[in-house]
S.K.: 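I'd like to ask some things about the structure below.
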Amino acid sequence: MRTAVFKSYKNGYFTFWFENGEELAFEEVHPRVLKQYDLKNDKSLIDTDFRITFVEDDSDDEVIYRVESLKPIE
């Protein structure tokens with residue numbers, strides 16, 4: 001689990017900035033997470049710090065990053 005800030009949802013990508021300065025755009029977010037946090041529409045979540053768990057899926061010769069869980073940092 002890492003720390004990241006949610007920055008945007010644009011063109012089908014969820015963008016997070018990590019504590020080390022790395023920016024990562026996720027193509028997929030687990031439906032359970034989207035049910036809990038409306039990252040597509042809730043502008044109040046922008047710039048929110050989260051503990052994030054994600055997986056890297058490269059099964060089709062193309063790497064896809066998927067968010068598995070988010071927990072806001074209070």
Side-chain angles (χ1 to χ4, degrees):
M1 199 175 268
R2 294 175 57 189
T3 301
V5 178
F6 177 62
K7 295 310 275 185
S8 68
Y9 173 73
K10 289 184 193 157
N11 303 322
Y13 289 92
F14 303 88
T15 304
F16 287 83
W17 289 357
F18 288 84
E19 68 278 356
N20 64 359
E22 176 184 19
E23 180 180 326
L24 198 51
F26 294 88
E27 290 183 49
E28 297 179 3
V29 174
H30 195 287
R32 168 179 32 81
V33 174
L34 287 177
K35 192 179 236 183
Q36 201 170 9
Y37 305 104
D38 186 5
L39 298 174
K40 291 182 180 179
N41 301 305
D42 188 347
K43 300 293 183 212
S44 72
L45 293 172
I46 292 173
D47 293 328
T48 300
D49 293 318
F50 287 99
R51 299 288 287 161
I52 184 171
T53 305
F54 64 93
V55 295
E56 185 178 316
D57 182 3
D58 59 358
S59 58
D60 297 328
D61 295 333
E62 183 180 346
V63 178
I64 295 174
Y65 294 97
R66 181 175 59 248
V67 175
E68 291 294 306
S69 73
L70 285 178
K71 291 184 176 40
I73 297 173
E74 311 209 358

S.K.: Please give me the minimum heavy-atom distance between Leu45 and Phe6, naming the atom from each residue.
M.R.: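 So the minimum-distance heavy-atom pair works out to O-CD2, 3.5 Å.
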S.K.: Any heavy-atom pair between the side chains of Lys40 and Val29 that's under 4.5 Å?
M.R.: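 They are not in side-chain contact.
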S.K.: Tell me whether the centres of the aromatic rings in Tyr37 and Phe50 are closer together than 6.0 Å.
M.R.: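 They qualify: ring centres under 6.0 Å apart.
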S.K.: How far does CD of Glu22 sit from CZ of Arg2, to the nearest 0.5 angstrom?
M.R.: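 Answer for the CD-CZ pair, Glu22 versus Arg2, is 5.0 Å.
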S.K.: Decide yes or no for Leu39 and Leu70: does some side-chain heavy atom of the first lie under 4.5 Å from some side-chain heavy atom of the second?
M.R.: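 With C-beta onward as the side chain, the pair touches.
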S.K.: Minimum heavy-atom separation for Ile46 to Lys7, with atom names?
M.R.: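 Distance-wise, the nearest heavy atoms are CG2-O, 3.5 Å.
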S.K.: Kindly assign one of parallel, tilted or perpendicular to the pair Phe26 and Phe18, based on the angle between their ring planes and the thresholds 30° and 60°.
M.R.: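 Phe26 vs Phe18 ring planes: tilted.
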S.K.: Give the minimum heavy-atom separation between Val67 and Phe54, together with the two atoms involved.
M.R.: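 That closest heavy-atom pairing would be CA-CB, 4.1 Å.
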S.K.: Under the side-chain contact (heavy atoms from CB on, under 4.5 Å) criterion, do Glu28 and Phe14 qualify, and how do the steps go?
M.R.: CA-CA 8 Å; Glu28 297 179 3; Phe14 303 88; over 6 Å; no
S.K.: Pick out which of Ile52, Asp47, Thr15 makes a side-chain contact (heavy atoms from CB on, under 4.5 Å) with Val5.
M.R.: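 In the set Ile52, Asp47, Thr15, the residue that makes a side-chain contact (heavy atoms from CB on, under 4.5 Å) with Val5 is Asp47.
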S.K.: Which value, rounded to the nearest 0.5 Å, describes the distance between Asp49 atom CG and Lys71 atom NZ?
M.R.: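 Nearest 0.5 Å value for the CG-NZ distance: 15.5 Å.
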S.K.: Distance check, rounded to the nearest 0.5 Å: Glu74 atom CD versus Thr48 atom OG1?
M.R.: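 Spacing of CD (Glu74) from OG1 (Thr48) equals 11.0 Å.
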S.K.: Measuring from Arg32:CZ to Ser69:OG, what's the distance to the nearest 0.5 Å?
M.R.: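 Reported value, rounded in 0.5 Å steps: 6.5 Å.
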S.K.: Is a donor on one side and an acceptor on the other found under 3.5 Å between the side chain of Glu19 and the backbone of Thr3?
M.R.: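 Flag set: sc Glu19 to bb Thr3 pair under 3.5 Å.
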S.K.: Return the minimal non-hydrogen interatomic distance between His30 and Arg66, and the atom names on each side.
M.R.: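 The pair with the smallest heavy-atom distance is N-CG, 4.4 Å.
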S.K.: Tell me whether Val33 shares a hydrophobic cluster with Trp17, the cluster being built from Ile, Leu, Val, Met, Phe, Trp, Tyr side chains joined at under 4.5 Å.
M.R.: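 No: no chain of side-chain contacts under 4.5 Å links Val33 to Trp17.
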